[in-house]
2 protein chains.
Amino acid sequence: MYIAWMGHELEHKQQGAGVIDAQAAELVAETMQALSTPSRVRILAHLQEGPCSVTELAAAIGMEQSAVSHQLRVLRYLRLVVGERQGRNVLYELHDSHVGVLLEEALNHVAHLQIGHAAKELIP
Amino acid sequence: MYIAWMGHELEHKQQGAGVIDAQAAELVAETMQALSTPSRVRILAHLQEGPCSVTELAAAIGMEQSAVSHQLRVLRYLRLVVGERQGRNVLYELHDSHVGVLLEEALNHVAHLQIGHAAKELIP
DNA sequence: CGCACGAATGAACAGGCGATCATGTATATT
DNA sequence: AATATACATGATCGCCTGTTCATTCGTGCG
């Protein structure tokens with residue numbers, strides 16, 4: 001894959017983040033890209049329920065095993081999940097609680113918007 | 001469109017979003033895609049400082065006006081920003097506080113990861 | 001050992017996306 | 001009205017990315 005990692009270091013910005021530099025923006029973007037696809041969102045959401053093997057995931061979500069594996073690779077790379085072999089299977093789980101928080105925040109936001117006002121219509 | 005996950009007879013979910021359906025996943029993904037690009041992240045981060053016109057943004061971030069406008073269109077559509085005309089200019093600002101929270105959470109996560117473990121190495 | 005199962009990888013293809021260039025629209029100034 | 005400024009839109013083009021197909025690697029079991 002592409003995954004060419006540049007020697008990024010994150011400038012420690014205090015919260016109330018405000019203006020961030022290009023590097024930080026790139027990092028955030030890269031990480032958030034994990035949640036920018038329905039398949040990965042569903043994977044993560046399912047893993048929120050607890051550890052799970054690849055084929056279980058594939059079955060539960062309705063994707064091919066290969067596709068799931070490919071996405072898990074990305075999620076692994078982005079440190080959103082970790083996998084551990086157990087016999088024939090590999091059990092995946094969320095890397096830490098942060099991920100869950102992020103997901104919920106995202107869901108919160110979407111829910112809030114829906115309640116908010118009418119439809120986001122096609123932009124004139 | 002509406003959100004379906006909250007009403008689910010989701011067994012024992014205390015606080016979590018838990019398993020979400022395809023629709024919800026798609027919505028989340030769509031929204032999170034806003035943060036999946038450095039340009040938009042920088043735009044949002046800059047707007048966290050306060051309202052700002054398009055050309056100001058373009059200058060501050062170092063993008064072409066056209067590009068910024070295009071991205072703002074996306075952000076508008078996703079309800080992350082709102083724009084209001086004021087004379088010749090159009091002042092943009094974050095749609096609400098949720099957006100800021102989301103951004104900060106994202107930054108938090110990234111920062112946490114950096115501090116956390118060593119480098120995310122190339123995947124074997 | 002050989003075979004089946006689960007997972008990972010590689011190649012390739014199609015669709016989507018972000019940036020640029022060029023042009024159109026709105027508002028203010030003269 | 002004419003022009004300049006500020007923003008928006010449309011078209012086009014590379015690039016990236018998600019999926020599928022085929023294959024390989026790893027592991028337990030007969």
Side-chain angles (χ1 to χ4, degrees), chain A residues 1-6 22 25-26 28-44 47 51-78 80-93 121-124, chain B residues 22 25-26 28-44 47 51-78 80-93 121-124:
Chain A
M1 234 171 177
Y2 14 94
I3 307 187
W5 194 239
M6 348 187 185
E26 215 166 318
V28 172
E30 193 185 18
T31 301
M32 286 301 128
Q33 207 172 9
L35 303 182
S36 69
T37 270
S39 58
R40 286 193 289 259
V41 170
R42 298 190 72 185
I43 290 178
L44 290 175
L47 286 181
C52 189
S53 80
V54 179
T55 19
E56 277 174 351
L57 272 175
I61 298 179
M63 297 174 60
E64 290 203 358
Q65 176 267 321
S66 177
V68 174
S69 200
H70 275 297
Q71 302 301 353
L72 282 173
R73 177 186 153 102
V74 176
L75 295 175
R76 244 162 42 210
Y77 173 72
L78 292 175
L80 295 175
V81 305
V82 286
E84 178 197 4
R85 259 217 117 95
Q86 220 143 63
R88 290 182 174 177
N89 304 337
V90 174
L91 287 191
Y92 278 93
E93 58 184 348
E121 292 299 340
L122 290 183
I123 302 180
Chain B
E26 214 165 321
V28 172
E30 193 185 19
T31 300
M32 288 325 249
Q33 206 173 8
L35 302 183
S36 69
T37 271
S39 58
R40 285 192 289 258
V41 170
R42 298 190 70 186
I43 290 178
L44 291 175
L47 286 181
C52 190
S53 80
V54 178
T55 17
E56 278 173 351
L57 272 175
I61 298 180
M63 298 175 59
E64 290 202 358
Q65 176 267 318
S66 177
V68 174
S69 199
H70 274 297
Q71 301 301 352
L72 282 173
R73 179 186 151 102
V74 176
L75 294 175
R76 244 162 42 212
Y77 173 72
L78 293 175
L80 295 175
V81 303
V82 286
E84 177 196 3
R85 257 212 120 97
Q86 223 144 62
R88 289 181 175 179
N89 303 335
V90 174
L91 287 191
Y92 278 92
E93 59 184 348
E121 317 127 17
L122 289 184
I123 302 181

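Heavy-atom basis, side chains included; hydrogens, waters and symmetry copies ignored. In what follows, every chain begins at residue 1, and chains take the letters A, B, ... in the order their sequences are listed.
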Please report the closest heavy-atom contact between A:S36 and B:S36, naming both atoms and the distance. CB-CB, 4.0 Å
Rounded to whole Å, how long is the line connecting atom CD1 of B:I61 with atom C1' of C:dA19? 14 Å
Write down the distance between NE2 (A:H70) and C1' (C:dA12), rounded to a whole number of angstrom. 11 Å
Calculate the interatomic distance between A:Q33 atom CD and D:dC16 atom P; express it in whole Å. 11 Å
What integer distance in Å separates A:E84:CD from C:dA7:C1'? 15 Å
Dump the intermediate steps for side chain to side chain contact (heavy atoms under 4.5 Å, CB included) on B:L47 and B:E93, then the final yes or no. CA-CA 6 Å; B:L47 286 181; B:E93 59 184 348; 5.6 Å; no
Whether the side chain of A:Q65 and the base of C:dA8 hold a donor-acceptor pair under 3.5 Å is what I'd like checked. yes
Which residues, if any, of residues 85-93 of chain A bring a heavy atom under 4.0 Å of DNA chain C? A:R88, A:N89, A:V90, A:Y92
Looking only at side-chain N and O atoms, does A:S53 come under 4.0 Å of OP1 or OP2 in C:dA7? yes
Under 4.0 Å from OP1 or OP2 of C:dA19: is there any side-chain N or O of B:R40 that close? no
B:E26: what forms a side chain to side chain donor-acceptor pair (under 3.5 Å) with it, not counting sequence neighbours? none
Counting side-chain heavy atoms from C-beta on, which of C:dT9, D:dT19, D:dA8 comes nearest to B:V54? D:dA8
Separation of A:E64 atom CD from C:dC13 atom P, in whole Å? 18 Å
Is there a donor-acceptor pair under 3.5 Å between the side chain of A:R40 and the backbone N or O of A:I43? no
Apply side chain to side chain contact (heavy atoms under 4.5 Å, CB included) to B:T31 and A:L35, showing your working. CA-CA 9 Å; B:T31 300; A:L35 303 182; over 6 Å; no
What integer distance in Å separates A:E30:CD from C:dC17:P? 19 Å
Just the rounded figure in Å: distance from P of C:dA19 to CZ of B:R73. 15 Å
With side chains defined as the heavy atoms from C-beta onward, is the minimum distance between A:Q86 and A:L91 less than 4.5 Å? yes
Can you tell me the distance, in whole Å, between the CD atom of A:Q71 and the C1' atom of C:dT9? 14 Å
Suppose we call a contact any N or O donor and acceptor under 3.5 Å apart; does that hold for the side chain of B:T37 and the base of C:dC17? no
Would a 4.5 Å heavy-atom cut-off, applied to side chains only, mark A:Q65 and A:V68 as touching? no
Looking at D:dT9, does its base get a donor-acceptor pair with the side chain of B:S66 below 3.5 Å? yes
